[in-house]
Amino acid sequence: MNWRLAFLVAAVFLSSNLDGQNPLISGQFTADPTARVFGDKVYVYPSHDIPPVETLKGWFCMADYHVFSSSDLTHWQDHGVILSQEQVPWGNHEGYSMWAPDCVQGSDGRYYFYFPCGLKPEKPGARAGFGIGVAIGDRPEGPFVAQEKNIEGIMGIDPCVMQTSQGEQYIFWAGGALRGARLSDDGLALASEPQVMEGLPEGFKEGPFAFEHDGRYYLTFPWVLTEGGTETLAYAISDQPLGPWKFQGVIMEESPTGCWTNHHSIVEYKGQWYLFYHHNDYSPRFDKNRSIRCDTLTFNSDGTIMPVRPTYRGVGVTDGSELVQIDCGDLKGGATRALRDTLHPFEGWLVTVPPSASVSYAGVRIPAGDYRVWVCTAGFWGRTQVQPIEQTTLKLDVLPQDDGLHTLVLHNQGQAPVQVDWVSLNARAPLSPLTQGGFATGRYRNLFLEAGYSQAQIDQKLEEVFNDVFFGPNRVYFEVGDTLGYISDIKNHDIRTEGMSYGMMIAVQFGRKDIFDRLWRWSRKYMQMTDGMMPGYFRWSCKTDGTPNAQGSASDGELYYITSLLFASNLWGNETGINYLGEAQYILDVIQPKTIEVKVYRDRQGNRLKDPIIMNREVSLIDTATNLITFVPGVPYTDPSYHLPAFYEVWARYAQDGRSSYWQECARASREYLHRSIDGATGLTPDYNNYDGSLLRNGQIIGDAFRYDSWRVPMNIALDYSWSCADRVWQQNYGHLIQNFLYSQGIDTFVDQYNIDGTRPDQVLRAGDYPEALRHSIGLVATSAAVSLVCTHAKAYEFVDALWNARHEPDETGYFDAYYDGLLRLFAFMHLSGRYRVVERTMQLSQYFSPADAAAASPDEQGFLRRWKLAEPLQRPNASNTLFTDTYLRDMLRWNPEQPLTWHHLDSKLYNVKLFRFAACQGLPYYGVLFWAETVIDCPEEIRDVRLSVGSNSASRWWLNGEEVLMLSGDRRMVQDDAMTHRLTLHKGRNVLRGAIINGPGMSDFCVRFIDESGSPVLNYSIR
Amino acid sequence: MKKLVSLLSCLPALLPFVLKAQSGAPFIHDPSTLAECDGKYYTFGTGGGGLISDDGWSWHSGAERPGGGAAPDVVKIGNRYLVAYSSTGGGLGGRHSGRILTMWNRTLDPSSPDFRFTEPIEVAFSDGLEDNDAIDAGLLLDPSTGRLWCSYGTYFGHIRIVELDPVTGARCAGNEPKDIAIDCEATDLIYRDGWYYLLGTHGTCCDGVNSTYNIVVGRSRNVTGPYLDNVGRDMLAGGGRMVISAREGVTGPGHFGRTIVDEGVELMSCHYEADFARSGRSVLAILPLLWKNDWPVAGEPISEGTYEIASERRGYSLELAVDFVRMPVPRVSFRDAPTLPDSPVSPQTLEDVIGTWPEGEIAVRAGDYMFRPHQRWCITAVPEAGGYLTAPYFKICIEGTDRALCATSEGEIATVPHFTGAPEQLWRIEQLVDGTYRLMPRHIPGTEGDNARYCLYSIADSSPTLARYDFGSDNAKWNLIRLY
């Protein structure tokens, strides 16, 4: 089986739902929804549109089915693939013809999934007609197993099964006309001859949906009313299950989005009738990629159906404290709705509200207690901004409805149109995950601050948590001598690459070079292998005296070592004793695939061999077939908590190892793998799994369940989101899923080990020497709080609060894990305070300047003066360079010997003196500043008739020996020989040249030289 | 009084017709090089979206370019369009970690069923720290080699160039960015006659009417530079020769794009930061592009007024084929001793001669220019007739009259006594790269549709006709000499 296909089948798709708005499902296309109530939930069985494969260019293309369920019509869960085309014995495995299905519960309690599919063709590539088959499952969400044969006697599509109150069942389908027949009690065969439904109007019809209501039978169907038109939804009524029918009229008019098809179902749930249908909202240009919707449906007292108007608002109650997607409201007074990004339609809509226009959104539950109104608006650059509504020109009316819910009406009282994404009613700022990562923006959320904690509190807490790990009485960091240090897993009495490399990551994040270097030196001295089969890799465990406990590596150690070394290189450069970049590059080289000889001491049955066998084995940190990190190099499976796609992006960016596109590919593969590795109902991951996401099922205690290793997954996904934001929609849904699961277990009581379906495991894994127990471990409290960075639901704050308030101390049984719990707690605090970041490369002053020495300097070959005394900049805020008028310069650029200035005597490595870098590399302000520059020109003899030539960014003013000689006013760029003085004389001996350079938003620099009468540079002097 | 009337009849209508920038709603910043798709013109701007025009003169919003970000460019390669744009971390004044992305589309028409952009791919990147900000892409499909190049960068450090694969739109494997200029923005690369030109925008943008944006150029024999200006100064040292700066009523030209209409007929597109006639909004402008000593220079849009139309062939002036009416002014010899102080001689007026002209159609010829009424042509825009790439159609009438120059069904030119708006009386006037003009009737009676081939042509020194445009011949070229 090809990998890609296998992944597609196995992947758990997390579709976003926009909280009850239409379309119901985002992130994938859905069509032809059949909604059924099983138990207390609504299940929707749609077909699954995908962009057409080449052979179906421009046509419908569907390879499998998903099912979605909800108990409130607001939140929908995707149960993943329930049946795909290659699982249909009688069907065309490459037909992509898995069209509109239905599902009913049989009298045996099992679930019967009816679906059309292209018949297996006579010859490969040929097309045959459609049959309708049955697949049976034990649960509404499957899995479903298809029958060997399709139902005899049916050629057609769009099956619908009606179960009557009389206990009979009938099947309807479309095939030339709408047809129907009695269905056998076992649901697998026809029990009567098919017959064409009589009494229906002329015109194209398909997609029958029949149901019983109030003692009569309703046949509803898509119907093309007008030649060349699109499908309406129409209906007819009969006293008999198979007609003849009496036509009644249209339920829904033609699609306002121009979608040619419509296909539907009608269901009663909790006393209200609903119409499920579809339009092509997320694919406005290609109406074969559709999206399902739902609106309420009402019967008149005579049993006729009131027309249904499609809305974006849809059904279900929206929690006002979450993000209310008001762009799905009713538009009034010229408000318009448009896709935020036509290339990525699942990003949803923005509504543009012109002055005096409004948008209203009904069915909102208002939070109890006080709240503020927050609004998310989008600016010109597409950057969104969340702020209290008072800070905008918008106003929100909250109008009570009869049913206790409220309608929100958003007005624009300003003069300019405003683009709005959502509103939220919340005492705290609504949780609004960023839409771009730290790589792009350098911005990181301080979620503690957003949650209402003060910066002083946060700083104090962070320091406490840091101290707990490194310096407190229960610390896990120990210094050895003057240069070494280690982090110990106290409860397991060892030192692990995990803890060591975590410690280095924390150290570099806190700028603690001392800690970083000690940990690295210890790692390099005792853990990094210098010989043997895998030199350069790290022994994953050592005793505290450095004695190895193991000869092999655990891949996450290398992952963190490389990343933290690259960060150290970025932060501290590579000339302070440790060549961090070189060390990282060395590891990156050694982890590449290579073949090693291994000695095998036991046979497959585990019997010890007399003589060991030498075997060749390929090892690499990253599995070569899948580009996924190994659990241990050479082992054919992985660990979901080792997947930090953003780390690979750090490598791609900073490692300079020539593999950047490969690392990008690894990041992509890792994200795809994570989709396959989580349980779609709980968000839980196993500790280990196969590359295709399936469980190892090897009977070992560590492996298939969610235990210690997997705690890290939520935090890792938060990190990937916060740094890269490359998998926004899925990761947000992941965050909601796992927090919802843990919340359902009690936010203060959830335990630390589960099977991934959320059940309690039969066996409990011990932590160190402590007794077996399920605990509410602070490590998981920490990581489940960290994932709040991706969440929009209000309970994310509760997880944040829970971490904030959790005490890291021995529990009532005396259990205490300073190491794993302690490190995860610190990481989570770093994440939630915005202190866990991509450590970017910093420019070093030495790249642009070197200190001036005592020896005199000369102008360069082109005559440019490169030796200058540069004063640290003075702040002169100016938004634009056009403000530097002559008058401004005369007023503001005046030499004042009393002005205290901090000078640096430097030689510029470039002909142009980069003032911007001079300031930025020293952490000084560089925009809106004034620089003073001075140099001393020593002439062996008088030099007459020279001109001072200057280019500066931006305006500047120049004095020679105290006399003003040149002013470059206005909006200047550094242009060589932009302006020159009149003829000057350089005196014999010392001449002082002084300049003042001012900038607004630009990258300030200047270049200065002397030019003689012939236009040549003057070189015969020295500079001090 | 009659003289006054005749003067007024030549002056533009009550509101003077301003031809500084494009018509309609051409509001855009950083317009991409104009692209033609299925008979319509497209340009994309900063922030997403873009403009569409049916005729090249009147523009409106409606083009679609997803991805947001800054300053896109577009080039047609084969039957596909490659769009490059940049996504930025923070926008202007923000961070400088930029990415140049490219994506393909088979059409630029958002209403086409084929309209679908491919997933964008990154072709260049800046880490936010280095002396470069990877935004403002400019694309060049080198006609001499078929290779595809992309320049990018802003005032934050250097302008760089990378090579892309014209098949995939991805960066060529192993290609490393090279610095080619400093302190510009919104660059574009063009190729002409063995020279590569780097056009960069200097100055300050986004400051409304005070924006000092201007476009400068350097050139190189190699696409990767060095790009030197006209005094030999490298653009890496800030060099650049002015192509266009602010003009009366418009400030801040930026984001150059070149369009070749025909041999010798070239255009440049840009935006003006502020159009004084339109609240100081940023607008699209399309201007003639001239070449002087192998340097590009922006031409002027045609302004309404009275002109002598002189042939490049001989220098004879286009005139009505009517009697030369001698002026009854006695000759005064330079040897005659003045008896009185000199007094001015009044020029011949329309009313002096119009009575001698026939009523109906009058033929046209070329002759010695004597600034006589039958040689004075009033050129006036006819915006209601639409336009072509750059400008609206014009009517060309004898000053003070409604007598209009037109094409005839014999493929000749003549004048009709009254301008009726008929397409053969409408003229497409384009400045050529050498500064001369070609004049084409919109329509030639007896032919199909709009004319894009035949122009006013000196078949002999004195004999204008319509003939195929040929940039290699002075017969096809005319000088428009503004009288007032």
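In the text below, chain A, chain B and the rest are named by the order of the sequence lines, each starting its count at 1.
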#### Entry: Heavy atoms from other residues, nucleotides or ligands near NZ of B/K178 exceed 12 (cutoff 6.0 Å)
yes
### Task
Could you walk me through whether A/R841 and B/D127 pass salt bridge (Lys or Arg N to Asp or Glu O under 4.0 Å), step by step?
CA-CA 8 Å; A/R841 200 155 60 86; B/D127 68 7; 2.6 Å; yes
### Summary
The reported gap from CD in B/E130 to CD in A/Q847 (rounded to nearest 0.5 angstrom) is 10.5 Å
### Region of B/D207 that comes under 4.5 Å of a non-hydrogen atom in chain A
side chain
### Query
So which part of B/S112 gets closer than 4.5 Å to some heavy atom of chain A, the side chain, the backbone, both or neither?
backbone
### Message
Looking only at heavy atoms and a cut-off of under 4.5 Å, which of B/G174, B/S211, B/P110, B/C184 has the most pairs with chain A?
### Response
B/P110
### Message
How close do B/N210 and A/T882 get, counting heavy atoms only, and between which atoms?
### Response
O-CG2, 3.5 Å
### Message
Counting only non-hydrogen atoms closer than 4.5 Å, does A/Y911 touch chain B with its backbone (N, CA, C, O), its side chain (CB onward), both, or neither?
### Response
side chain
### Interface moiety of A/D1005 toward chain B, non-hydrogen atoms closer than 4.5 Å
side chain
## Note on the structure
Okay, A/Y848 and chain B: the region with an atom under 4.5 Å from a heavy atom over there is side chain
### Task
Of all the heavy-atom pairs spanning B/H96 and A/Y927, show the shortest one and how long it is.
NE2-OH, 3.4 Å
### Query
Side chain, backbone, both or neither: which part of A/T342 has a heavy atom under 4.5 Å from chain B?
both
#### Entry: Validation row: B/I182, A/N912 side chains within 4.5 angstrom (heavy atoms)
yes
### Message
Could you check whether atom CD of A/E861 has more than 12 heavy atoms from other residues, nucleotides or ligands sitting under 6.0 Å from it?
### Response
no
### Message
If you count heavy atoms of other groups shown closer than 6.0 angstrom to CZ of B/F125, is the number above 12?
### Response
yes
### A/F439 to B/S97 - nearest heavy-atom pair and separation
O-OG, 3.6 Å
### Query
Are the side chains of B/E119 and A/H344 in touch, meaning some heavy atoms are under 4.5 Å apart?
yes
### Query
Could you give the distance from CG (B/L129) to SG (A/C921), rounded to the nearest 0.5 Å?
8.0 Å
### Task
Please say whether more than 12 non-hydrogen atoms of neighbouring residues, nucleotides or ligands are located less than 6.0 Å from CZ in B/R247.
yes
### Message
So which residue, B/D114, B/T204, B/T212, B/V231, ends up with the most heavy-atom pairs under 4.5 Å with chain A?
### Response
B/T204
## Note on the structure
Closest non-hydrogen contact found for B/R233 with A/D977 is NH1-O, 3.8 Å
### Query
Counting only heavy atoms not in A/R671, do more than 12 sit closer than 6.0 Å to its CZ atom?
yes
## Note on the structure
Bottom line for B/M235: the part with an atom under 4.5 Å from chain A's heavy atoms is neither
### Query
Side chain, backbone, both or neither: which part of B/D131 has an atom under 4.5 Å from a heavy atom of chain A?
both
### Query
So which heavy atom on A/D341 is nearest to which on B/P66, and how close?
OD1-CB, 3.3 Å
### Under 4.5 Å from any heavy atom of chain B - which part of A/R653
side chain
### Message
So for A/R917, is it side chain, backbone, both, or neither that comes closer than 4.5 Å to the heavy atoms of chain B?
### Response
side chain
## Note on the structure
Comparing A/M843, A/R285, A/E840, A/Q976 against chain B, the one with the most heavy-atom pairs below 4.5 Å turns out to be A/R285
### Message
Can a donor-acceptor pair be found, under 3.5 Å and without considering hydrogens, that links the side chain of A/D971 to the backbone of B/G203?
### Response
no
